[in-house]
Each structure stands twice: as structure tokens, then as C-alpha cells.
Amino acid sequence: MSRRLLAGALAVLGCLSLTTPASAAGEYVLPSLEPDLVAYYDFEHPAPGDPARELDQGFSGTTLDLVNGGQEMRVPGGAHPASGTHLRTKQVAPETAGNDDWKAGLYSPTGVPSMRAFNAVRETTVMGWFRMSAANPAPNSNTPATGDFYNAVGLAGVLSGTSDGHGVRALLELIQVNGELKVVALGRRLDSGASQTFAAEQDWRSILPPDEWVFLAATFDFDTGKMALYRNGRPLPGTYVTPGDPWELDGPGPHLSSPTDPRGIKIGGSFPQDTREANPCDCGFDSLMFLDRAVTRWEVLAQYHRAVRG
């Protein structure tokens with residue numbers, strides 16, 4: 001039996017023991033995406049006996065931690081007709097340099113073996129549904145200055161193979177570009193190398209209006225250096241931020257990411273191991289998908305329509 005068939009069978013067996021309703025993932029996920037869906041979280045599958053963890057509906061079986069908020073982070077109401085609940089993240093105490101922000105993810109300093117599909121990977125996609133409040137970006141709890149805000153808002157990404165809980169291989173987030181907050185795809189091909197950022201030209205507040213569910217996707221091609229952003233199935237015009245060759249693509253290919261297992265996933269902020277706070281997101285998340293290839297623009301559009309049309 002292949003790795004993916006075995007992982008899928010184990011996921012099905014795990015779901016049979018749950019007391020929550022059966023997942024609508026089979027109807028929700030576009031069939032062409034399923035073979036490459038490394039991890040998929042609908043936030044409707046708490047781990048048996050531990051509701052502060054979320055079971056993966058992708059082929060890797062990578063379980064998430066719901067950090068600090070536990071099962072309270074699953075909130076009724078979904079982003080699309082096939083969803084019944086979503087994930088809620090938030091900053092808890094902006095005046096205190098603590099470790100109490102609600103976020104999700106997992107972290108291992110030696111890498112996460114179940115995420116090996118992102119080891120020496122040529123392409124990657126991060127996509128899902130996001131709903132931001134008007135409270136973003138959040139006050140910086142790591143500095144004493146009044147009126148000091150974080151320069152980024154963390155959405156969702158795959159950590160690099162040497163990450164301290166912040167550094168990534170592929171990430172969707174908001175970050176300041178030339179002093180202005182932008183929706184970006186941020187990727188790092190080599191663990192020891194520089195990142196590249198593809199920033200949407202459109203104002204971030206029009207891309208992610210407060211209290212509105214938006215389907216975002218970011219694709220990364222580590223072989224060609226191409227990145228793309230999509231909103232509700234449509235491409236977002238953008239520009240590359242770092243000049244030159246930050247991914248070190250000069251020379252014969254194919255060019256892959258570092259041959260290391262990612263150290264985890266981060267959602268709604270950095271440091272999923274809960275050692276510090278950074279870039280919290282006052283946000284809702286739903287149907288997050290992490291794939292080991294760059295999906296096509298037509299697949300992004302089809303996945304969006306599949307969701308909104310039920």
C-alpha cells in the first residue's frame with residue numbers, strides 16, 4: 001500500500017472513533033488536489049480524548065495544537081456551506097510580554113517526520129479561508145512603548161527545517177513592505193538562505209475587509225522562483241520585494257527546498273511551541289490546506305466555487 005493510501009486509511013479509522021459529525025472534506029476538496037493535500041484542517045475533528053488538538057484530514061496525519069485557547073478556539077459557524085465550525089485566534093494581553101495568545105500549529109526542534117512531503121520539495125501551496133477583525137495589527141507586547149504595533153500579522157505557513165518557530169519555508173501573512181502593510185506570500189527555498197516576498201499591490205484592507213470571510217491562496221515554485229497570490233479564486237497583481245536571486249536559482253536545476261523536514265506549522269502567529277509571542281492575528285480560519293505542489297490558477301478558482309456553491 002502506498003504512503004498516501006496508508007495515511008488516508010489511518011485518517012479514516014481515526015475519524016470513525018470521533019463523536020463529532022463526519023467531515024465534509026470529501027465533498028469540499030477538489031478531486032485534483034487530494035493526491036497532493038499534505039495537511040488539511042477543517043477544525044471539526046478534535047483528537048479523541050484531547051480536544052485541544054486537531055486531527056489532519058490530509059494524507060500526512062499531522063495533528064495540530066490549539067495553543068492556549070484549546071477547544072474554546074473552535075467557534076460555531078463556518079466560512080462556507082460545507083463547514084460547521086472555524087478556528088479563532090487572538091491576542092490576549094497586549095500590555096504583557098507573556099505567552100497566552102491564542103494561535104495554532106505544532107513545533108519540533110528536530111523536524112516533523114509526517115511533513116516529509118515538504119522536504120526537498122519543488123513546489124508548495126498554502127490556502128484557505130480567513131476572516132480578520134478591525135483590531136489588526138496588534139499592539140506589540142514585547143516592547144514597553146505605548147502605541148507600538150507589530151509590523152506583521154501572521155496567517156498560515158510551513159516552518160523551515162531550521163526554524164526557531166518564526167522562520168518559514170512558505171507563508172501567507174501581512175507584513176510591512178516599504179513601511180506599508182501588504183498581503184504577501186513569503187517563501188524561503190534554502191534553510192540557510194534568504195527569503196523572497198511577493199506582495200499584493202492592492203490595499204490590504206480591501207483584500208481582507210473586517211469580519212468578512214475571504215479565500216486566499218499563495219503558490220511557491222522553488223525551481224523557477226515564481227510566486228502567486230489569489231483572492232476568492234482570482235489572481236492578485238503583485239511585485240517581488242527582494243531584488244537579485246535570494247533563492248539562489250543561478251545554475252542548473254531542478255531547484256528544490258532544503259532536504260530537511262519542516263519544524264512544523266504556524267497559524268495565527270509565530271512560535272507555536274509557545275515560547276514567546278509575535279505577530280498575533282485577531283482572526284478566524286477555516287479549511288486550511290497545505291499542498292506539496294503549486295496549484296494552478298484554475299484549480300484555485302474551482303476550489304473557491306466548490307466551497308461557496310456548497
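The figures here come from the full heavy-atom set of this structure, side chains too, leaving out hydrogens, waters and symmetry mates. None of these values were measured; they are calculated from a predicted model.
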(request) Go through the structure and list residues passing side chain to side chain contact (heavy atoms under 4.5 Å, CB included) with T124, not counting sequence neighbours. (result) F118, V121, A170, F220, F222
(request) Search all heavy atoms of D56 against all heavy atoms of A39 and return the closest pair with its distance. (result) OD1-CA, 3.3 Å
(message) Can you tell me how far apart CG (L66) and CZ (R88) are? Round to the nearest 0.5 Å.
(response) 14.0 Å
(request) Verify the ring-centre separation between H86 and W213: is it less than 6.0 angstrom? (result) yes
(request) With side-chain hydrogen bond (donor to acceptor under 3.5 Å, both in side chains) as the test, would you mind laying out the steps for D286 and Y41 before giving the verdict? (result) CA-CA 7 Å; D286 203 353; Y41 304 102; over 6 Å; no
(request) In plain terms, say whether E54 and R74 are close enough for a salt bridge, that is, a side-chain N and a carboxylate O under 4.0 Å apart. (result) yes
(message) Tell me if a side-chain donor or acceptor on D65 pairs with a main-chain N or O of V67 at a distance below 3.5 Å.
(response) no
(request) Examine distances only and state if a side-chain atom of D245 and a backbone atom of D250 form a donor-acceptor pair shorter than 3.5 Å. (result) yes
(request) Dump the intermediate steps for side chain to side chain contact (heavy atoms under 4.5 Å, CB included) on F271 and D164, then the final yes or no. (result) CA-CA 7 Å; F271 303 101; D164 62 352; 4.0 Å; yes
(message) Is any side-chain heavy atom of P262 closer than 4.5 Å to one of V112?
(response) no
(message) Rounded to the nearest 0.5 Å, what separates atom CH2 in W129 from atom CD in E212?
(response) 9.5 Å
(message) Check whether S195 reaches the backbone of G187 with its side chain - one donor and one acceptor, N or O, closer than 3.5 Å.
(response) no
(message) Could you tell me if the side chain of V29 sits less than 4.5 Å from the side chain of L37, heavy atoms only?
(response) yes
(request) Could you give me the CA-CA distance, side-chain angles and deciding distance for T275 and N99, then say whether side chain to side chain contact (heavy atoms under 4.5 Å, CB included) is met? (result) CA-CA 7 Å; T275 54; N99 292 314; 5.6 Å; no
(request) Apply the test side chain to side chain contact (heavy atoms under 4.5 Å, CB included) to residues N232 and V214: give CA-CA distance (whole Å), side-chain angles for both, the deciding distance (0.1 Å), then the verdict. (result) CA-CA 6 Å; N232 290 347; V214 175; 3.8 Å; yes
(message) With a 4.5 Å cut-off on side-chain heavy atoms, are C283 and N136 touching?
(response) yes
(request) Look at the side chain of D191 and the backbone N and O of G161, then say whether any donor-acceptor pair between them is shorter than 3.5 Å. (result) yes
(request) Treat each ILVMFWY residue as a node, draw an edge where side-chain heavy atoms are under 4.5 Å apart, and state whether I265 and V126 are in one component. (result) yes
(message) Counting C-beta onward and ignoring hydrogens, is there a side-chain heavy-atom pair between L106 and P272 closer than 4.5 Å?
(response) no
(message) Can you see whether R169 engages T260 through a side-chain donor-acceptor pair at a distance of less than 3.5 angstrom?
(response) yes
(message) For L159 versus Y107, what's the shortest heavy-atom pair and its separation?
(response) CD1-CD1, 3.7 Å
(message) Pair S32, E299 - check side-chain hydrogen bond (donor to acceptor under 3.5 Å, both in side chains), show working.
(response) CA-CA 8 Å; S32 67; E299 287 175 312; 2.7 Å; yes
(request) With sequence neighbours excluded, give me every disulfide (SG to SG under 2.5 Å) pair touching residues 179-269. (result) none
(message) Does either side chain, that of D274 or that of N68, offer a donor lying less than 3.5 Å from an acceptor on the other one?
(response) yes
(message) How close do S133 and P210 get, counting heavy atoms only, and between which atoms?
(response) C-CB, 4.3 Å
(request) Run the salt-bridge test on K103 and D101 with the 4.0 Å N-O cut-off and return the result as yes or no. (result) no
(message) For a quick test of reading the model, state the closest non-hydrogen atom pair linking L288 to A156 and the distance between them.
(response) CD1-CB, 4.4 Å
(request) Calculate, to the nearest 0.5 Å, the distance between atoms CG and CD belonging to L181 and Q176 respectively. (result) 6.0 Å
(message) For a side-chain hydrogen bond (donor to acceptor under 3.5 Å, both in side chains) check, start with the C-alpha distance between D221 and T224, then their side-chain angles and the critical distance, and finish with the verdict.
(response) CA-CA 6 Å; D221 188 328; T224 65; 3.3 Å; yes
(message) Let me check something: do Y28 and M127 share a hydrophobic cluster, defined by ILVMFWY side-chain heavy atoms less than 4.5 Å apart, either directly or through other members?
(response) yes
(message) Could you walk me through whether R297 and R234 satisfy the side chain to side chain contact (heavy atoms under 4.5 Å, CB included) test, starting with their C-alpha distance in whole Å, then the side-chain angles of each, then the deciding distance to 0.1 Å, before giving a yes or no?
(response) CA-CA 8 Å; R297 60 181 296 180; R234 304 292 182 180; over 6 Å; no
(message) Aromatic contact between F290 and Y40, with the criterion being ring centroids under 6.0 Å apart: yes or no?
(response) no
(request) May I ask whether L216 and L174 are part of the same hydrophobic cluster, defined by side-chain heavy atoms of I, L, V, M, F, W, Y residues being less than 4.5 angstrom apart, directly or through others? (result) yes
(request) Give a yes or no on this: more than 12 heavy atoms of other residues, nucleotides or ligands lie within 6.0 Å of atom CG of D211. (result) yes
(message) In the structure I gave you, are the side-chain heavy atoms of R263 and S160 within less than 4.5 Å of one another anywhere?
(response) no
(message) Quick one, Y240 and M227 - any side-chain contact, counting heavy atoms below 4.5 Å?
(response) yes
(request) Would you check if V177 and V184 make a side-chain contact, meaning some heavy-atom pair closer than 4.5 Å? (result) yes
(request) Look at the side chain of N140 and the backbone N and O of F149, then say whether any donor-acceptor pair between them is shorter than 3.5 Å. (result) no
(request) Give a yes or no on whether L291 and Y304 share a hydrophobic cluster (residues Ile, Leu, Val, Met, Phe, Trp, Tyr; joining criterion: side-chain heavy atoms under 4.5 Å apart). (result) yes
(message) Keeping R231 on the side-chain end and I207 on the backbone end, is there a donor-acceptor pair under 3.5 Å?
(response) yes
(message) Using the rule that Ile, Leu, Val, Met, Phe, Trp and Tyr join whenever any side-chain heavy atoms are under 4.5 Å apart, tell me whether L155 and L87 fall into a single cluster.
(response) yes
(request) Check the pair T62, S114 against side-chain hydrogen bond (donor to acceptor under 3.5 Å, both in side chains), reporting the backbone distance first and the verdict last. (result) CA-CA 6 Å; T62 304; S114 64; 2.6 Å; yes
(request) Say whether, by atom type as modelled, one donor and one acceptor occur between the side chain of D223 and the main chain of H255 under 3.5 angstrom. (result) yes
(message) Given the ring of W102, does K90 sit roughly above its face, with NZ or CZ under 6.0 Å from the centre of the six-membered ring and within 45° of the axis?
(response) yes
(request) Report the distance from atom CZ of F285 to atom CG of D42, rounding to the nearest 0.5 Å. (result) 15.5 Å
(request) Without swapping roles, check the side chain of E44 against the backbone of G84 for a donor-acceptor pair under 3.5 Å. (result) yes
(message) Rounded at 0.5 Å granularity, tell me how far CZ in R293 sits from CG in D36.
(response) 4.5 Å
(request) Check whether any side-chain heavy atom of R188 sits under 4.5 Å from a side-chain heavy atom of L190, and report yes or no. (result) no
(message) Using 0.5 Å steps for rounding, measure from the CD atom of E173 to the CG atom of N279.
(response) 6.5 Å
(message) So does Q196 get a backbone contact from the side chain of R189, meaning a donor-acceptor N/O pair under 3.5 Å?
(response) no
(request) Grab the two heavy atoms, one from V241 and one from A199, that are nearest each other, plus how far apart they are. (result) CG2-CB, 4.0 Å
(message) Between E201 (side chain only) and P237 (backbone N and O only), is there a donor and an acceptor less than 3.5 Å apart?
(response) no
(request) For residues V300 and F215, report the shortest heavy-atom separation together with the two atoms involved. (result) O-CE2, 3.8 Å
